[in-house]
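This report concerns only the one structure given below.
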Amino acid sequence: MEIPSPPPPRDSVSRFQRRKDRLSYSHQVMKVDLTQVREFNDRNQETKKTHEIEVEFIRAACLIEEKEKRQQGKPSQFNGYVEVFLNNLRYLSRKAIPHRF
């Protein structure tokens, strides 16, 4: 969840910098953004590196349409779309989080 913050004063000096390297791809009805974020201090020394992932439906309106069809008892792809979404999340989480046995 992003929480907007007010812009800094015009006369302020930056003491912090974030650099993002993003890779995006689409698969079936999903879009996936993989981002490496590197933070630097005022001496341009890297202080932190994190990785972010964002997964979203490419056409949310289509998903809503399919949900409405399902609610009306009509043939729908809603369950299939949700299953693909969850399977993508499961796969990505298995690859991203080291497992200890």
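Note that the coordinates shown come from a computational prediction; the quantities given were computed from them, not determined experimentally.
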Mind checking side-chain hydrogen bond (donor to acceptor under 3.5 Å, both in side chains) for K74 and listing every partner two or more places apart, or none if nothing turns up?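 K74: side-chain hydrogen bond (donor to acceptor under 3.5 Å, both in side chains) contacts with Q72.
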Just jot down the side-chain hydrogen bond (donor to acceptor under 3.5 Å, both in side chains) partners of E65, sequence neighbours excluded, or say none.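 Checked E65 against side-chain hydrogen bond (donor to acceptor under 3.5 Å, both in side chains); zero matches.
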Between side-chain atoms of residues 80-89 and protein atoms elsewhere (two or more places apart, or another chain), which donor-acceptor pairs fall under 3.5 Å?
from, atom 1, to, atom 2, distance (Å)
N87, OD1, R90, NH1, 2.9
N87, ND2, E83, O, 3.3
N88, ND2, V84, O, 2.9

Distance check, rounded to the nearest 0.5 Å: Q17 atom CD versus N41 atom CG?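 One gets 10.0 Å once the value is rounded to the nearest 0.5 Å.
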Atom NZ in K69, atom CD1 in I64: separation rounded to 0.5 Å?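 If we round to the nearest 0.5 Å, K69:NZ and I64:CD1 are 13.5 Å apart.
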Kindly write out the residues that satisfy salt bridge (Lys or Arg N to Asp or Glu O under 4.0 Å) with K67, not counting sequence neighbours, or none if the list is empty.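 Counting only residues at least two positions away or on another chain, K67 forms no salt bridge (Lys or Arg N to Asp or Glu O under 4.0 Å).
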If Ile, Leu, Val, Met, Phe, Trp and Tyr residues are connected whenever their side-chain heavy atoms lie under 4.5 Å apart, and connections chain through other members, are L23 and M30 in the same group?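 Same hydrophobic cluster.
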So, using side-chain contact (heavy atoms from CB on, under 4.5 Å) as the criterion, who are the partners of D11 when residues are at least two apart?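 If we apply the side-chain contact (heavy atoms from CB on, under 4.5 Å) test to D11, skipping adjacent residues, the hits are P9.
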Output all residues satisfying side-chain contact (heavy atoms from CB on, under 4.5 Å) with S24, sequence neighbours left out; order by chain, then residue number.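 So S24 forms a side-chain contact (heavy atoms from CB on, under 4.5 Å) with R22, K31, D33.
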Please check if the side chain of T47 supplies one atom and the backbone of E39 the other of a donor-acceptor pair under 3.5 Å.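 Between the backbone of E39 and the side chain of T47 there is a qualifying donor-acceptor contact (under 3.5 Å).
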Donor-acceptor contact present, side-chain S76 to main-chain E66, <3.5 Å: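 Such a contact is found between S76 side chain and E66 backbone.
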Report yes or no: is the cationic atom of R18 (NZ for Lys, CZ for Arg) under 6.0 Å from the centre of the six-membered ring of F40, at an angle within 45° of the ring normal?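 No, cation not above the ring by the 6.0 Å, 45° rule.
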Less than 3.5 Å apart, which donor and acceptor atoms pair up between the side chains of residues 50-63 and the rest of the protein, not counting sequence neighbours?
from, atom 1, to, atom 2, distance (Å)
H51, NE2, Q36, NE2, 3.2

